[in-house]
Amino acid sequence: MTKQFAVIGNPIEQSRSPELHHAFAAKTGIDLNYKKILAPLDGFESTAKDFFAQNGVGMNVTVPFKEQAFALCDQLTERAKIAKAVNTLWMQDGKLYGDNTDGQGLVAAIQALGWELGNSRILILGAGGATRGVIYPLVQAGAKKIVIANRTLARAEQLVEDLKESVAHIELTATSLDQLSGEYDFVINATSASLTGDALQLPETLVFHHAYEMAYGKPSSFLDQAQTRQIPSTDGFGMLVGQAIEAFSIWNGVKPELKDFL
Ligand code: ATR
């Protein structure tokens, strides 16, 4: 029987998840259908429950419902608990399970480029949900120092406060976006600046060796600066594919190769 999957969000038209999951299915020989569901802003819970009541197998969750999905789950993975957001849902033994595959998607994308995360020093720009979701997986992949830089310093400090127990063996600190300096192996742009078309200005005193922009398909002043400095850099398409692969493998028990879909 064809297994039913969906991605739920609002808006949802822009989502590339159906094409990715259908491509994974074709490669791995899984019989599935994966559709987009537009939920009303006040209707996430009932829409998600209806989907599983009608034998839906798994559901991805996107903006703005990831925190509501987290709250709805009966069981959560460790990384979803730390992220406080869920992008992957499934039913097991009558219970709703939730995971967050965004961070592992980023890690897999970085590793697929051959960039070494072991013992790395990472500067993450931004202190919103996107940053929260990736810290624990980056630490699990071997990061030894992470600095969170945010326009609003208090928000970065709060995030460090929230997360420091989960990653107690590494150095995790906060700084202000306008006081950047030092040397990092990676700078990851997790601000929404590229989504809104705003420029980010990185000072010359900031030295870094790889640049990862989480957004994709948008002009990025962050990537422009990395390219001017001739630093290896990429947009967030690999992370998108990586999070989808991770969800696919949870649901279907088979893991497509990231490099086949980049
Ligand atoms: P997400 O869930 O995608 O992380 P979010 O929670 O709205 O979205 O967070 C957006 C992040 O981008 C925040 O860190 C925000 O900084 P503030 O906390 O100071 O608002 C950051 N951001 C958005 N626009 C920015 C800009 N033009 N320059 C710098 N940082 C920006």
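All ligand and atom numbering here is 1-based and tracks the order in the structure.
Taking a distance limit of 4.0 Å, we find that atom 19 (O) of ligand 1 is approached by some protein heavy atom. For atom 8 (O) of ligand 1, no protein heavy-atom neighbour is found at a distance under 4.0 Å.
Atoms of ligand 1 lying under 4.0 Å from at least one heavy atom of D198, given by number and element, are 27 (N).
Remark: Q68 CD to E45 CD distance equals 8.0 Å, nearest 0.5 Å.
Taking atom 2 (O) of ligand 1 as the reference point, the nearest protein heavy-atom neighbour is G129 N, 3.3 Å. Shortest contact from atom 26 (C) of ligand 1 to any protein heavy atom: R151 NH1, 3.2 Å. Summary of contacts: the protein heavy atom closest to atom 21 (C) of ligand 1 is T191 CB, 3.7 Å.
With a 4.0 Å heavy-atom cut-off, ligand 1 is reached by the side chain of R155 but not by its N, CA, C or O. Neither the backbone nor the side chain of T196 comes within contact range of ligand 1; no heavy atom lies under 4.0 Å.
A salt bridge is defined here as a Lys NZ or Arg NE, NH1 or NH2 lying under 4.0 Å from an Asp or Glu carboxylate O, and E67 with R132 fails to meet this definition.
Judged purely by distance below 3.5 Å, without hydrogens or angles, the side chains of T101 and D99 never pair a donor atom with an acceptor atom.
Look at N150 and you'll find a heavy atom under 4.0 Å from some atom of ligand 1.
In this structure, Y212 has its ring center no closer than 6.0 Å to that of F186.
When each of V147, L117, V187, D185 is tested with I122 by the rule side-chain contact (heavy atoms from CB on, under 4.5 Å), just one qualifies, namely L117. Exactly one of N189, I188, L240 qualifies for a side-chain contact (heavy atoms from CB on, under 4.5 Å) with M214. That residue is I188.
Ring geometry, H21 versus W251: the interplanar angle falls from 30° to 60°, so the pair is classed tilted.
Considering backbone and side-chain atoms together, A130 places an N or O closer than 3.5 Å to an N or O of ligand 1. At under 3.5 Å, not a single nitrogen or oxygen of L200, backbone or side chain, sits near a nitrogen or oxygen of ligand 1. For a threshold of 3.5 Å applied to N or O pairs, the pair formed by A127 and ligand 1 contains at least one separation below that value. At least one N or O atom of T152 sits closer than 3.5 Å to an N or O atom of ligand 1.
Selection from A156, S192, G126 by nearest heavy atom to atom 12 (O) of ligand 1 gives S192.
By the 4.5 Å heavy-atom criterion applied to side chains, H209 and V207 are counted as neighbours. The side-chain heavy atoms of D162 and K84, taken from C-beta on, include a pair separated by under 4.5 Å.
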